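Below: one structure, written as structure tokens.
The shown structure was predicted, so the numbers you read here are calculated from the model rather than taken from an experiment. Side chains included, hydrogens not; waters and symmetry mates left out as well; all remaining heavy atoms used. Order of appearance sets the numbers: ligands from 1, and atoms from 1 within every ligand.
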Amino acid sequence: MSKSNKLHQRALATAMAVALTAGFAGSAAAAGRVDTAGLHSPDQTSFDRFIVKYRNGTSVTAQQGSLTKATKASAQALSASRVRSLAVGGEVVQASRALDRVEAEGFMRQIAADPNVEYVEADLIMKPLMTPNDPHYGTYLWGMQSGTPGIRADQAWNTTSGAGVVVAVLDTGYTDHSDLVGNILPGYDFISQSRTAGDGNGRDSDAHDNGDYYRNEDSSWHGTHTAGTVAAVGNNNKGVIGVAYGAKVVPVRVLGRGGGYTSDIADGIIWASGGSVAGVPANANPAEVINMSLGGASTCSSTYQAAIDGAVSRGTTVVVAAGNSNADVSGFTPASCNNVIAVAATNNSGTRASYSNYGSKIDVAAPGGDSPDCTTLIVSTGNDGLSAPGAENYLCMAGTSMAAPHVAGTVALMQAARGTKAPLTPAQVESILKSSLRAFPGSNDKPIGNGIIDANAAVAAAAAF
Ligand SMILES: [Ca+2]
Ligand SMILES: [Ca+2]
Ligand SMILES: [Ca+2]
Ligand SMILES: [Ca+2]
């Protein structure tokens with residue numbers, strides 16, 4: 001018989017085997033089912049354990065022999081062994097090394113080629129659905145939860161904590177709160193006037209908050225509070241958790257006693273986003289997102305717009321609080337500037353907070369809290385000092401200042417969920433946030449956009465984009 005004839009016969013035999021398999025699907029002779037769904041999990045990219053179900057009566061010796069045969073097809077050295085039988089049927093199989101998706105699927109197909117195999121699947125690693133152990137979470141942080149008024153950060157945390165992303169918080173600076181300071185990167189103090197700064201000098205590299213007490217008002221610790229909502233340390237059995245508790249905050253001190261000048265804030269925007277400011281060393285950690293829980297009564301000025309456009313051109317998303325004047329946001333800056341995400345505040349029923357600015361320039365809404373007590377306000381890291389810093393504590397506050405960091409934290413989660421893909425542009429971030437909103441549970445007396453941000457949906461959309 002010629003060589004080509006042999007080949008021909010072999011080909012025919014294969015065709016017949018295929019026909020038999022098709023004709024007797026489900027019979028003992030059929031190859032096993034390969035369940036590949038788990039190989040496409042976004043959470044797991046390597047696999048070292050599998051579950052193999054053999055047909056009744058397959059001896060342990062035959063199982064191990066079949067496994068050894070399956071490993072032979074691997075390009076690199078691989079062995080596999082039975083670990084134990086499962087109560088529901090099937091054997092746990094341990095591979096000698098972790099396999100990537102492609103190799104895992106090839107290995108599973110080799111195993112399933114044994115007609116004694118009913119099915120094979122990856123022994124996937126499950127993770128707890130994230131409920132943080134921070135003690136204030138359950139009672140106070142309704143804004144991050146999945147109930148009606150929340151942004152569903154708890155669900156987004158099953159995908160990402162924001163690790164690897166930098167958020168610049170332009171505010172009063174920060175304090176060394178033990179539930180925050182681990183997530184603080186080097187910042188800068190842009191307050192040029194010593195009297196406003198209260199730290200005895202003008203600009204300097206120390207962005208600590210010395211206290212912004214002014215006339216008859218005590219220090220607010222506003223920057224410590226907003227930074228905590230963005231990225232307080234999470235799952236550490238202490239206090240609160242930030243929306244992006246795995247992200248880092250660059251504190252940019254721009255507000256002091258009585259507030260801060262636009263000129264200093266504009267420089268802060270440029271620096272935070274990686275631009276250069278004369279006389280100030282470059283920011284080693286340019287931010288993917290800037291949070292500005294600040295504003296004043298004016299239309300958007302040329303200086304603000306130029307600074308914001310500069311940040312956006314460097315890929316930094318700019319999130320701004322709409323203001324707390326129960327008025328149209330068009331009269332407030334920088335919230336009414338182009339190229340920003342202007343954030344209105346909702347209460348713990350999920351509708352407009354009584355103080356929140358409103359109008360067509362609002363982009364999205366987020367929890368800012370409203371009276372009467374701490375369970376309906378926003379709780380975050382704080383301090384008990386009336387003028388200079390005292391002991392750390394947790395403070396409840398209400399405002400669009402509290403709503404904006406919920407959004408900035410969500411943007412950090414979105415960018416982290418990109419993994420190795422290019423970061424989203426600020427325009428893409430805004431578009432995804434707006435197309436993934438939670439509808440308001442009731443009507444608002446004034447327009448504040450189309451809904452409350454949905455961190456879980458936004459993260460999923462950002463990962464898939
Ligand atoms: Ca200073
Ligand atoms: Ca300083
Ligand atoms: Ca904590
Ligand atoms: Ca906008």
Side-chain angles (χ1 to χ4, degrees), residues 131-138 140-141 144 157 161 171-175 177-183 186-194 196-212 223 227-246 251-257 260 264 268 280 292 300 305 308-309 312 317-322 329-330 332 334-344 359-365 379-382 388-389 392 394 404 407 411 426-434 448-450 453:
T131 299
N133 58 27
D134 308 86
H136 290 332
Y137 174 76
Y140 296 110
L141 302 190
M144 299 184 195
W157 293 332
S161 64
D171 213 297
T172 62
Y174 73 105
T175 53
H177 197 296
S178 62
D179 207 12
L180 172 66
V181 76
N183 281 341
Y188 205 81
D189 178 353
F190 276 88
I191 303 177
S192 52
Q193 202 180 47
S194 172
T196 308
D199 63 353
N201 56 30
R203 292 183 175 182
D204 68 274
S205 61
D206 182 352
H208 276 98
D209 187 344
N210 310 93
D212 61 348
T229 297
V230 172
V233 179
N235 249 346
N236 61 341
N237 274 304
K238 172 182 268 190
V240 294
I241 181 172
V243 171
Y245 65 96
V252 183
R253 187 167 183 248
V254 294
L255 302 176
R257 296 177 185 169
D264 286 339
V280 179
M292 283 194 281
C300 179
Q305 194 61 64
I308 289 162
D309 290 348
V312 167
T317 299
V318 181
V319 176
V320 185
V329 67
S330 60
F332 292 80
S336 66
C337 296
N338 295 324
N339 265 338
V340 305
I341 297 177
V343 183
S360 61
K361 290 203 163 199
I362 299 290
D363 292 306
V364 298
V379 172
S380 185
T381 41
E392 67 180 41
Y394 296 89
V407 177
V411 175
Q428 288 165 344
V429 166
E430 183 168 343
S431 167
I432 288 174
L433 279 174
K434 286 177 167 174
I448 52 168
N450 292 322
I453 59 161

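Formation of a donor-acceptor pair under 3.5 Å by the R203 side chain with backbone atoms of F190 is found in this model. Using modelled atom types, one side-chain atom of N183 and one backbone atom of A231 make a donor-acceptor pair closer than 3.5 Å.
For residue V233, an N/O/S atom approaches the Ca ion (ligand 3) to within less than 3.0 Å. The Ca ion (ligand 4) has no N, O or S atom of A342 closer than 3.0 Å. The Ca ion (ligand 3) lies under 3.0 Å from an N, O or S atom belonging to N236. The Ca ion (ligand 3) has an N, O or S atom of K238 under 3.0 Å away, backbone or side chain. Taking 3.0 Å as the threshold, V240 counts as a candidate ligand of the Ca ion (ligand 3), since one of its N, O or S atoms lies below it.
When the N, O or S atoms of D189 are ranked by distance to the Ca ion (ligand 2), OD2 comes first. Sorting the N, O or S atoms of D179 by how far they are from the Ca ion (ligand 3) puts OD1 first. The atom name of the N/O/S atom in D134 closest to the Ca ion (ligand 3) is OD2. Nearest N/O/S atom of E430 with respect to the Ca ion (ligand 4) is recorded as OE2. Between the Ca ion (ligand 2) and the N, O or S atoms of D199, the shortest distance is to OD2. No other N/O/S atom of D363 lies as close to the Ca ion (ligand 4) as OD2 does.
Of the candidates T175, T172, D199, N210 forms a side-chain contact (heavy atoms from CB on, under 4.5 Å) with just one, namely D199.
The closest side-chain heavy-atom distance from V240 to T381 is below 4.5 Å. Side-chain contact between V407 and V364 is present, with heavy atoms from C-beta onward closer than 4.5 Å.
Of the angles at the Ca ion (ligand 2), the one spanning OD1 of D204 and O of D206 is 110° when given to 10°.
Within 6.0 Å of the CG atom in N235, the count of heavy atoms belonging to other residues, nucleotides or ligands exceeds 12.
For the pair D363 and K434, the salt-bridge criterion is met [side-chain N within less than 4.0 Å of a carboxylate O]. Under 4.0 Å is where a charged nitrogen must lie from a carboxylate oxygen, and between D206 and R253 no such pair does.
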